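These notes are about the structure you will find just below.
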Amino acid sequence: MLIPTISLIGVAAVGGWVLTTWMRIKNGYPLDGAWGQAVYPRKNEEAVERIRLLSQENAQLRAELGSIKDRMANVERIVTDSGYALTHQIEALRDQVSN
């Protein structure tokens, strides 16, 4: 009675280890090596291509964000530096047109 129970526990343990290893590989999680270090599964070409495309898109978005920051800085400079003077100049022109 004891030997079948031990055998069943052993089979369940090995089956659980195989299942968790398969799930880790399937979802891209690192595996554990002999000394507990992370061992990553082999990369497939689709994942490498996707990473390359995402990196390229990231660089493009960063460049666009940089140009938008520059434009925003110019708009802020225009609004803060000459806003008061510009209003007075517009009012002066309106006064000249009405006279």
Side-chain angles (χ1 to χ4, degrees):
M1 182 72 180
L2 183 63
I3 293 179
T5 305
I6 293 174
S7 299
L8 185 61
I9 292 172
V11 168
V14 170
W17 175 77
V18 169
L19 179 67
T20 56
T21 302
W22 174 76
M23 289 174 61
R24 285 175 156 229
I25 291 172
K26 179 183 172 204
N27 294 307
Y29 288 100
L31 303 175
D32 295 331
W35 297 99
Q37 77 278 15
V39 178
Y40 290 90
R42 204 178 293 156
K43 296 179 182 177
N44 60 9
E45 294 301 319
E46 180 181 328
V48 171
E49 180 66 18
R50 181 179 167 116
I51 290 170
R52 188 186 65 78
L53 290 174
L54 287 173
S55 298
Q56 183 179 13
E57 181 183 11
N58 189 11
Q60 290 172 347
L61 290 174
R62 285 181 181 270
E64 185 177 345
L65 182 62
S67 69
I68 289 174
K69 283 182 179 181
D70 292 342
R71 293 168 102 189
M72 183 60 106
N74 286 334
V75 169
E76 287 176 351
R77 184 181 47 80
I78 290 169
V79 168
T80 57
D81 289 350
S82 62
Y84 184 74
L86 182 63
T87 303
H88 284 292
Q89 290 173 358
I90 292 172
E91 291 301 323
L93 289 173
R94 284 185 185 158
D95 290 339
Q96 287 177 359
V97 171
S98 62
N99 290 334

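Predicted model, so just to flag it, every value in this text is computed and none were measured.
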Taking atom [atom1] of [X] and atom [atom2] of [Y], what is their separation to the nearest 0.5 Å?
X     : Y     : atom1 : atom2 : result
Ile68 : Arg71 : CD1   : CZ    : 7.0 Å
Leu53 : Asn58 : CG    : CG    : 12.5 Å
Asp70 : Leu65 : CG    : CG    : 9.5 Å
Arg62 : Lys69 : CZ    : NZ    : 9.0 Å

query = Glu64 versus Gln60: any side-chain heavy-atom pair under 4.5 Å?
reply = no
key: Given Ile9, Ile3, Thr5, the one that forms side chain to side chain contact (heavy atoms under 4.5 Å, CB included) with Ser7   = Ile3
ask   = Is Leu54 atom CG crowded by more than 12 heavy atoms from other residues, nucleotides or ligands, each under 6.0 Å away?
value = yes
